[in-house]
Participant: 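Got a structure here, written out as structure tokens. Questions coming.
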Amino acid sequence: MGLFDFLKGKDKNSSQETKEGKVYSPVNGKLVAIDEVADPVFSQKMMGDGFAVIPTDGNIYSPVDGKVMSVFPTKHAVGIAMDNGVEVLVHMGLDTVELEGKPFTTTVTEGQEVTKDTKISTVDLEALAAAEKDNAMVVVFTNMDKVGSFDMIDSGSTVTAAGDIGSVTAK
């Protein structure tokens with residue numbers, strides 16, 4: 001029986017490994033820790049843990065593999081559910097809801113499967129600057145009760161769209 005118990009334990013551990021999901025940069029730019037984001041809702045983790053990227057271009061990709069659960073009517077945010085149950089919000093810019101979608105060409109739809117190679121939106125960074133909006137592309141894990149851990153490469157790193165920046169593990 002000891003051998004079977006050992007195998008059951010191994011199966012359980014490998015099951016836990018499948019709960020880990022890779023996290024990717026949604027855009028080319030500089031990686032920023034969530035507590036450095038210039039909005040207290042994000043920096044104080046009121047919506048959850050995560051990170052931001054200060055973009056060098058406006059091509060925004062999915063930061064995770066999963067399924068689009070919501071596309072905000074103002075096109076400034078997209079909600080994605082990972083296979084491991086972790087829910088991810090991609091919020092494009094700060095205080096951008098009031099722009100009523102103008103600088104965003106969001107191309108994904110609810111129910112669509114996405115990967116790190118799926119472009120979810122194009123953001124007109126010049127229009128954000130003209131509107132005096134912070135262009136941080138924020139990625140937040142919104143159901144922290146389901147998150148076991150989140151590991152990320154060092155803040156301040158230069159990252160490329162779809163580049164591996166860490167992982168999030170479901171409980």
Side-chain angles (χ1 to χ4, degrees), residues 20-72 74-82 86-109 112-142 144 147 149-169:
E20 179 181 281
K22 289 289 193 183
V23 180
Y24 309 96
S25 176
V27 64
N28 296 316
K30 179 183 170 193
L31 185 64
V32 176
I34 194 78
D35 58 4
E36 296 175 30
V37 172
D39 182 325
V41 171
F42 295 116
S43 65
Q44 294 176 20
K45 301 183 182 180
M46 292 179 202
M47 293 190 68
D49 202 353
F51 62 95
V53 178
I54 307 306
T56 55
D57 64 66
N59 297 313
I60 313 302
Y61 293 83
S62 178
V64 295
D65 294 345
K67 184 177 190 176
V68 175
M69 300 309 291
S70 63
V71 177
F72 286 58
T74 50
K75 303 177 186 178
H76 77 289
V78 175
I80 302 168
M82 298 177 69
V86 174
E87 296 172 1
V88 180
L89 177 70
V90 181
H91 195 281
M92 295 171 267
L94 302 179
D95 295 323
T96 52
V97 66
E98 59 198 47
L99 299 177
E100 299 176 349
K102 291 181 180 97
F104 310 103
T105 305
T106 300
T107 55
V108 292
T109 57
Q112 180 178 342
E113 295 287 331
V114 293
T115 69
K116 67 177 184 170
D117 298 317
T118 306
K119 185 190 274 190
I120 61 173
S121 188
T122 304
V123 179
D124 183 341
L125 297 179
E126 291 178 11
L128 285 184
E132 298 181 350
K133 299 298 180 188
D134 189 309
N135 66 3
M137 300 298 149
V138 183
V139 176
V140 180
F141 308 110
T142 58
M144 289 302 295
V147 175
S149 65
F150 168 54
D151 298 305
M152 176 179 88
I153 63 173
D154 292 336
S155 178
S157 299
T158 298
V159 293
T160 57
D164 187 357
I165 64 151
S167 62
V168 62
T169 305

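Please read all numbers here as calculations on a predicted model, not as lab measurements.
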Participant: Mind checking whether Val139 and Val88 have side chains closer than 4.5 Å, heavy atoms only?
Facilitator: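 The answer is yes, as the side chains (C-beta and beyond) meet within the 4.5 Å cut-off.
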Participant: For Glu126, is the CD atom crowded, meaning more than 12 foreign heavy atoms sit under 6.0 Å from it?
Facilitator: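 Atom CD in Glu126 is not crowded, with 12 or fewer foreign heavy atoms closer than 6.0 Å.
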Participant: Can you give me every donor-acceptor pair (side chain of residues 32-55, partner residue at least two apart or in another chain, under 3.5 Å) with its distance?
Facilitator:
residue	atom	partner	partner atom	Å
Glu36	OE2	Ser155	OG	3.4
Asp39	OD1	Val41	N	2.9
Ser43	OG	Asp39	O	3.2

Participant: At what distance, to the nearest 0.5 angstrom, does CG of Asn135 lie from CG of Asp124?
Facilitator: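 Between atom CG of Asn135 and atom CG of Asp124 there are 11.5 Å.
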Participant: Rounded to the nearest 0.5 Å, how far apart are CD1 of Ile80 and CE of Met69?
Facilitator: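 Output value for this atom pair is 11.0 Å.
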Participant: Could you go through residues 91-101 and list every donor-acceptor pair under 3.5 Å that involves a side-chain atom there, pairing it with any protein atom two or more places apart or in another chain?
Facilitator:
residue	atom	partner	partner atom	Å
His91	ND1	Gly93	O	2.7
His91	NE2	His76	NE2	3.4
Thr96	OG1	Met92	O	2.9
Glu98	OE2	Lys133	NZ	2.4

Participant: So, for Thr106 and Val71, which heavy atoms are closest and what is the spacing to 0.1 Å?
Facilitator: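 Here Thr106 and Val71 meet closest at CG2-CG1, 3.9 Å.
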Participant: How long is the straight-line distance from CG of Leu128 back to NZ of Lys102, given to the nearest 0.5 Å?
Facilitator: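 Going from the NZ atom of Lys102 to the CG atom of Leu128 covers 13.0 Å.
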Participant: Could you grab the distance from atom OG1 of Thr115 to atom OH of Tyr24, nearest 0.5 Å is fine?
Facilitator: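 Output value for this atom pair is 8.5 Å.
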Participant: How long is the span from the NZ atom in Lys67 to the CD atom in Glu87, to the nearest 0.5 Å?
Facilitator: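 The CD atom of Glu87 is 13.0 Å from NZ of Lys67, to the nearest 0.5 Å.
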Participant: Could you list the donor-acceptor pairs under 3.5 angstrom formed between side-chain atoms of residues 57-66 and any protein atom two or more places apart in sequence or on another chain?
Facilitator:
residue	atom	partner	partner atom	Å
Asp57	OD1	Asn59	N	2.9
Asp57	OD2	Asn28	ND2	2.7
Asn59	OD1	Lys119	NZ	3.0
Ser62	OG	Val64	N	3.4
Ser62	OG	Val64	O	2.5
Asp65	OD1	Lys116	N	3.0

Participant: With a sphere of 6.0 Å drawn around CE of Met144, does it hold more than 12 non-hydrogen atoms of other residues, nucleotides or ligands?
Facilitator: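 Enclosed: over 12 neighbouring heavy atoms sit under 6.0 Å from CE of Met144.
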Participant: Just to verify, which of Asp164, Val23, Val159 counts as forming a side chain to side chain contact (heavy atoms under 4.5 Å, CB included) with Ile153?
Facilitator: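 The single option meeting the side chain to side chain contact (heavy atoms under 4.5 Å, CB included) with Ile153 is Val159.
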Participant: Quick one: closest heavy-atom pair of Ala162 and Asp117, and the distance?
Facilitator: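 Closest pair (atom of Ala162, atom of Asp117, distance): CB-OD1, 4.0 Å.
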Participant: CG of Asp134 to CD of Glu132: how many Å apart, nearest 0.5 Å?
Facilitator: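 Separation between the atoms: 12.0 Å.
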